[in-house]
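In what follows, every heavy atom counts, from backbone to side chain, and hydrogens, waters and symmetry copies are set aside. For ligands, and for the atoms within them, numbers begin at 1 and follow the listed sequence. Computed from a predicted model, the values in this text were never measured in an experiment.
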Amino acid sequence: MPALERQKLILRLADAIDAEADFLAHLETIDVGKAISDARSIDVFGSIANFEYFAGWTSKLDGRTATAVSLPGETLTYTVKEPVGVVAAIIPWNFPLQILSWKLAAALACGCTVVCKPSELTPLSAMRVAQLATKVGFPDGVINVVNGFGHIIGQALATHPGIDKLSFTGSTAVGTAVGKTALDTMKRLTLELGGKSPVIVTSKANLDNAANAILSGIFMNSGQVCDAGSRVYAHACVHDELVEKLKAGAESLTIGPGLDPNSKITPLVSAAHRGRVLEHIESAHSEGASLVTGEGPGGTSREDGILRPTIFDECSDGMQIFREEIFGAVLGVARFRSLDEAVERANASIYGLAAAVYSDNVDETVQLSRRLKAGNIYINAHGLLDPTMPFGGVGASGFGKDMGPEQLDGFLTTKSIYLQLGK
Ligand code: NDP
């Protein structure tokens with residue numbers, strides 16, 4: 001399909017999502033359990049922005065003309081960009097619509113067709129997007145959704161020889177296995193995996209701002225966020241005051257059902273996942289972390305699928321809650337005495353998805369952002385996302401990017417063309 005027609009279709013899909021933003025937000029909240037305010041502002045409006053941004057790329061996927069330096073005679077040497085082919089997009093349950101849009105928008109812009117596999121826990125929004133795509137005129141077969149459990153349907157996509165590119169977002173354990181399988185049929189691969197993102201609060205931070213941003217960075221979506229800032233390293237001279245502010249802020253968050261517009265902390269996606277988060281909380285208690293607020297030892301008294309936002313202080317780097325991804329509203333805090341120490345401890349993780357720095361000193365923020373090992377660095381904020389900026393990790397957080405112009409290369413192949421002129 002010509003570029004400008006693709007652009008129009010993608011924009012029509014964005015408009016169709018916009019036209020039923022409220023419905024889609026409800027669908028997402030019912031499915032995931034998340035706060036309706038987040039479903040609107042992050043999932044739905046984030047995905048609209050993504051489709052709108054990538055629609056503009058359809059007409060800008062040019063190759064380049066090279067000037068050959070080693071060839072005899074006169075030549076014309078140039079490259080063209082072509083769609084990679086059929087893309088399989090495997091989507092997790094925490095931001096089903098938004099992460100679907102990350103993969104779908106760029107793949108469509110590049111001229112690929114896509115087979116989407118949402119998580120079996122949260123399939124509704126992808127099904128609705130497929131219906132809307134048909135309604136706005138996408139030809140049959142361009143956007144496909146297949147449902148079913150990951151170990152069956154996801155595995156089938158990873159092994160299928162008709163799939164040219166696999167774009168996977170999910171856990172490091174599953175992503176590693178899926179990636180190995182995909183290589184058997186030489187698929188191109190993007191892996192957006194887990195994280196254990198560190199947060200450094202220096203002696204020069206504005207503590208009110210830092211506390212607010214840290215709380216939103218860990219407790220948004222009830223902690224079910226891949227780049228959640230879950231390990232705070234606070235300078236010893238600001239540590240106590242910061243912990244007080246974090247405690248007050250966490251205790252002021254409204255807990256309730258996702259459909260209540262005031263709720264910030266809502267039910268987790270499933271009972272099984274809630275059980276895993278509770279196990280991490282239990283490990284923190286038994287390893288000697290000091291509870292600041294939230295869930296105590298021995299399980300929770302809540303019976304509504306929700307866990308209280310939980311903060312532990314006096315964490316050490318060897319503790320499970322400082323090493324393993326929890327994917328729940330659990331924050332650990334430790335103190336440091338020098339920036340070198342903070343950087344070394346922040347970087348001592350297998351993950352490298354994101355890191356945050358809080359400081360009002362520009363030199364300090366720029367220097368720390370260079371030294372931290374992560375694909376995304378947030379300064380005096382957490383979790384900012386924009387379609388123009390590539391998102392992805394290093395180390396066990398995977399490779400390849402979603403969003404930004406950098407994502408396009410994942411859905412394109414470059415063909416080199418040599419034309420001998422004259423004889
Ligand atoms: P999983 O890895 O369990 O699942 C992710 C997706 O893979 C789901 O659609 C799942 O399907 C599917 N899947 C499961 N097993 C297989 C398999 N054997 N072969 C192919 N596909 C499979 O992760 P979660 O859904 O539990 O999501 C949470 C994880 O995702 C966290 O670790 C988080 O950090 C990460 N994540 C990373 C992001 C990033 O951009 N870096 C963003 C969001 C989340 P089904 O659920 O139906 O079984």
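Side-chain atoms of Arg308 and Ser301 include a donor-acceptor pair closer than 3.5 Å. No side-chain donor from either of Ser359 and Asn361 sits under 3.5 Å from a side-chain acceptor of the other. Checking Gln407 against Asp402 by side-chain atom types alone, a donor-acceptor pair falls below 3.5 Å. Residues Thr202 and Lys204 have side chains that never bring a donor and an acceptor to within less than 3.5 angstrom of each other.
The cationic group of Lys264 does not satisfy the cation-pi geometry with Phe219, failing either the under 6.0 Å distance to the six-membered ring centre or the 45° limit from the ring axis.
Around ligand 1 you find Ile90, Ile91, Pro92, Trp93, Asn94, Ile99, Trp102, Lys117, Pro118, Ser119, Glu120, Gly148, Phe149, Gly150, His151, Gly154, Gln155, Phe168, Thr169, Gly170, Ser171, Val174, Val178, Glu192, Leu193, Gly194, Cys226, Glu325, Phe327, Leu353, Phe391, each with a heavy-atom distance below 4.0 Å.
Separation of the Trp102 and Phe95 ring centroids does not fall under the 6.0 Å cut-off.
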